[in-house]
Amino acid sequence: MFKKFDEKDNVSSVLQLKSSVQKAIRVKLLESYPHLENFIDVVLPKKDSLRIIKCHDHIEIIVNSNGELLFFRQRDSQWMPTLKLFHKYPFFLPMHQVDKGAIRFVLSGANVMCPGLTSPGAKMTDVPTDTVVAIMAEGKEHALAIGKTALSSDDIAKVNKGIGIENCHYLNDGLWQMKPVK
Amino acid sequence: MSVEDKLKQGPRDGISYPMQVVYCGNCSMPIEYCEYYPEYEKCKQWLEVNLPSEFEKVKIGDDNPVEEEKKRQKRGGKGMIKTKKKEDGPKQVYVSRAPRGKKKSVTVVTGLNSFDIDLKVAAKFFGTKFACGSSVTGDDEIVIQGDVKDDLFDVIPEKWPEIDEDLIEYLGDQKR
Ligand SMILES: [Zn+2]
């Protein structure tokens with residue numbers, strides 16, 4: 001999603017959000033991420049005014065008044081946290097762990113292949129298909145990517161071939177490198 | 001910590017959030033991922049200066065990378081990780097003057113981007129300083145209403161010490 005993304009070329013406009021829209025986003029986020037409940041007032045303070053950065057390819061990014069990038073999505077999909085946000089609250093997404101050998105591929109923007117999730121160094125959480133997950137790595141503490149499952153965990157184990165997680169956002173991609181938006 | 005614990009959802013007891021992850025000053029990733037960065041040596045130099053204790057740990061880990069290499073070759077594709085785009089054009093600020101109407105002129109400042117300066121903040125600053133209109137007009141361009149070029153040579157280095165007076169170049173009058 002952000003492999004070739006460059007804020008200079010891909011941002012089309014910045015919108016101030018009405019408070020009613022902000023409220024709706026909060027509700028949506030809590031629905032998707034119930035573990036955020038006790039933290040939502042810190043992540044998205046009620047009084048803060050949020051903005052949405054509209055980018056090419058129907059990508060939208062939620063930004064708070066400090067300019068920090070919080071959540072993103074493409075078209076009308078579910079809002080996904082940026083890695084910088086997830087690193088601050090590394091518990092509100094289901095997590096899949098890839099083995100060591102897969103790390104360099106994920107960091108180059110590749111989707112996660114099933115074998116990278118079924119080998120001895122890997123570990124999955126039981127989730128259905130189309131779930132937003134944090135991609136963790138064998139022997140590492142922090143998430144290296146945010147993705148969406150292309151298959152349920154059961155099917156990944158069974159099929160063990162092809163794409164298991166679609167890589168949406170990874171360390172050092174265009175979104176990661178985007179500076180705070182003033 | 002077991003893998004199961006690591007992947008469990010929900011906040012952990014005894015940890016206060018938000019957590020602060022240490023990012024590398026060279027590759028910008030959490031430092032545990034530096035080893036995957038193509039310019040790992042530069043990361044190590046950064047670590048050595050800024051986080052000596054982490055640097056010591058890395059040195060020990062470097063002694064047995066052989067196994068890792070074997071594993072890698074089983075997979076298809078190259079898994080090439082690109083280095084960050086460098087913004088290392090010459091660091092220089094350019095000032096020029098352009099006519100505005102018959103009598104007035106404006107001052108155009110470009111190149112502040114190369115010093116990582118927030119243009120909006122800079123435009124606002126000039127506006128306040130010279131009590132005149134000042135706005136961001138392009139990717140790396142600020143237009144100040146009025147002829148303030150002489151003042152800029154003093155004001156810019158004062159506000160941003162990293163910009164020496166010698167790094168500001170006057171391009172003369174522009175025809176618009
Ligand atoms: Zn590094």
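Quantities reported herein were computed from a predicted structural model and do not represent experimental measurements. Chain letters run A, B, ... following the sequence lines, proteins first, then strands; residues in each count from 1. For the numbers below, each heavy atom of this structure counts, side chains included, while hydrogens, waters and symmetry mates do not.
Remark: the A:W176 side chain and the B:S28 side chain contain an N/O donor-acceptor pair separated by less than 3.5 Å. A donor-acceptor contact under 3.5 angstrom links the side chains of B:Y170 and B:D173, judged on distance only.
Note: A:F91 and A:F39 meet the aromatic proximity criterion, with ring centroids under 6.0 Å apart. The six-membered or imidazole ring of A:F2 lies away from that of A:Y170, with a centre-to-centre distance of 6.0 Å or more.
Heavy atoms closer than 4.5 Å to chain B are found in the backbone of A:A143, but not in its side chain. Of the two parts of B:K6, the backbone and the side chain both hold a non-hydrogen atom closer than 4.5 Å to a non-hydrogen atom of chain A. Both the backbone and the side chain of A:A137 come within less than 4.5 Å of a heavy atom in chain B. Residue contact with chain B, scored on non-hydrogen atoms closer than 4.5 Å, involves the backbone and the side chain of A:L144 alike.
Counting heavy-atom pairs under 4.5 Å between each of A:M113, A:E141, A:M136, A:H35 and chain B puts A:H35 at the top. The choice from A:T125, A:V106, A:I103 that makes the most heavy-atom pairs within less than 4.5 Å of chain B is A:I103.
In this structure, the separation between CD on B:Q20 and NE2 on A:H87 is 12.5 Å, given to the nearest 0.5 Å.
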